[in-house]
Protein chains: 2
Amino acid sequence: MPIPYDARGVTLDGPCLQSAGCKNVAPVLNRVGDKWSMLIVMILSSGPRRFSELKREIDGISQRMLTLSLRGLERDGLLTRTVTPTIPPRVDYELTELGISLRAPVKALGDWAIEHIGCIRAAQQRFDKVADARG
Amino acid sequence: MPIPYDARGVTLDGPCLQSAGCKNVAPVLNRVGDKWSMLIVMILSSGPRRFSELKREIDGISQRMLTLSLRGLERDGLLTRTVTPTIPPRVDYELTELGISLRAPVKALGDWAIEHIGCIRAAQQRFDKVADARG
DNA sequence: CGGAATCCCAGGAGATACTG
DNA sequence: CAGTATCTCCTGGGATTCCG
């Protein structure tokens with residue numbers, strides 16, 4: 001069994017063994033936790049979209065943040081950007097295989113969230129109530 | 001009296017529309033994407049820890065961020081905080097059932113990350129190379 | 001020991017204006 | 001249409017100090 005590609009350059013020493021895998025997971029978690037990226041992935045999972053279509057579908061996103069989010073996703077290889085140099089220009093965004101494969105774990109997380117959101121909100125309200133009571 | 005930590009920062013009533021579950025998922029995604037929270041959950045999944053133990057095990061975290069992360073997780077009902085008023089005081093953190101249940105989907109995401117990190121890094125390098133070539 | 005309070009700064013993110 | 005550029009405001013987060 002060869003050394004996995006993703007194990008290269010990772011120091012396994014240190015007090016926390018999880019931190020080794022963590023260094024790999026962190027950037028992914030960072031993108032997943034991004035305010036817009038996963039929403040974009042979910043929207044694109046139902047088919048490719050143009051820039052303006054995405055902007056219209058994602059309420060509240062600024063043009064700048066949509067551009068930056070799409071660039072980040074493209075850089076990570078999660079989607080492709082296809083420019084059609086017509087006038088006016090047309091740009092289509094589409095998930096790659098990698099992007100599609102991310103749907104499953106993200107959906108798992110989403111399902112967990114939906115299943116437990118009631119429990120979480122209750123905990124938050126209890127917490128805030130106690131915090132308020134103490135000033 | 002203002003709420004100190006970003007406790008109330010989780011807006012559950014944002015303008016997130018098309019998929020109704022999105023507004024439920026967003027705050028959870030926010031916590032999962034947090035730089036330290038999931039690492040804390042993973043460490044605590046092997047048993048409860050004291051504050052200073054966590055600080056020692058999590059390389060690079062500041063005292064402030066550890067405190068804030070733990071408060072956020074406690075507020076969400078993912079862990080419990082137990083104070084033992086000895087001198088010097090002792091505080092233990094332990095996952096709740098809810099916190100333990102979060103491990104599975106987070107691990108799924110972590111596994112995906114580890115499995116595809118090579119692919120992602122390659123995509124990033126291709127992207128950066130092209131970007132550099134164009135200045 | 002386990003925080004809370006304060007200071008301070010880099011980076012994130014909105015608004016606006018311009019361009020191929 | 002699909003961006004870039006710039007400006008500015010705001011927040012996250014490190015460092016430090018003080019407290020029960």
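A, B, ... follow the sequence lines: proteins, then strands. Residue 1 opens every chain. Quick note: numbers below take in every heavy atom, side chains included, and nothing from hydrogens, waters or symmetry partners.
- A search for side chain to side chain contact (heavy atoms under 4.5 Å, CB included) contacts involving A:E115 returns nothing, not counting sequence neighbours.
- In this structure, A:F51 places its CZ atom 11 Å from P of D:dC1, rounding to the nearest Å.
- The CD1-P distance, from A:I58 to C:dA13, rounds to 14 Å in whole Å.
- Under the 3.5 Å distance criterion, the side-chain polar atoms of B:T86 are matched with a main-chain donor or acceptor of B:P88.
- Look at CG on B:L54: it is 12 Å from C1' on C:dG2, rounded to the nearest Å.
- Distance CD1 (A:I87) to P (D:dG3): 16 Å, rounded to an integer number of Å.
- Listed by chain and number, the residues in a ring-ring contact (aromatic ring centres under 6.0 Å, His included) with A:W112 are A:H116 (sequence neighbours excluded).
- Screening residues 35-53 of chain A for salt bridge (Lys or Arg N to Asp or Glu O under 4.0 Å), with sequence neighbours left out, gives A:R49-A:E57.
- Residue B:R81 places at least one side-chain N or O closer than 4.0 Å to OP1 or OP2 of C:dG3.
- Summarising the geometry, the separation between CG on B:L66 and P on C:dA4 is reported as 11 Å, rounded to the nearest angstrom.
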B/S/- contact track for nucleotides 14-20 of chain C, protein heavy atom under 4.0 Å: BB----B
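- Scored by the salt bridge (charged side-chain N to carboxylate O under 4.0 Å, His left out) test, A:R90 finds A:D92 as partners (sequence neighbours excluded).
- With sequence neighbours left out, the salt bridge (charged side-chain N to carboxylate O under 4.0 Å, His left out) criterion links A:K107 to A:D111.
- Within residues 68-80 of chain A, the residues having any heavy atom under 4.0 Å from DNA chain D are, by residue number, A:R71.
- Using a 4.0 Å cut-off, no side-chain N or O of B:T67 falls inside it from OP1 or OP2 of C:dG3.
- Evaluation of the side chain to side chain donor-acceptor pair (under 3.5 Å) rule for B:S69 yields no partner, not counting sequence neighbours.
- The nearest whole Å value for the distance from the NZ atom in A:K55 to the P atom in D:dT4 is 15 Å.
- Helix bend of the helix from C:dC1-D:dG20 to C:dG20-D:dC1: the angle between its two end axes, each built from five pairs, comes to 50° after rounding to 10°.
- For B:V91, the side chain to side chain contact (heavy atoms under 4.5 Å, CB included) partners are B:R81, B:V83, B:Y93, not counting sequence neighbours.
- The interatomic distance linking A:E53 (CD) with D:dC1 (P) rounds to 11 Å, in whole Å.
- Residues meeting the side chain to side chain contact (heavy atoms under 4.5 Å, CB included) test with B:R126, sequence neighbours left out: B:A122, B:A123.
- Remark: C1' of C:dG3 and CZ of B:R49 are 20 Å apart, rounded to the nearest angstrom.
- For A:Q125, the side chain to side chain contact (heavy atoms under 4.5 Å, CB included) test picks out no residue, with sequence neighbours left out.
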Intermediate values then yes/no, side-chain contact (heavy atoms from CB on, under 4.5 Å), B:L98 and B:L79: CA-CA 8 Å; B:L98 187 61; B:L79 55 77; over 6 Å; no
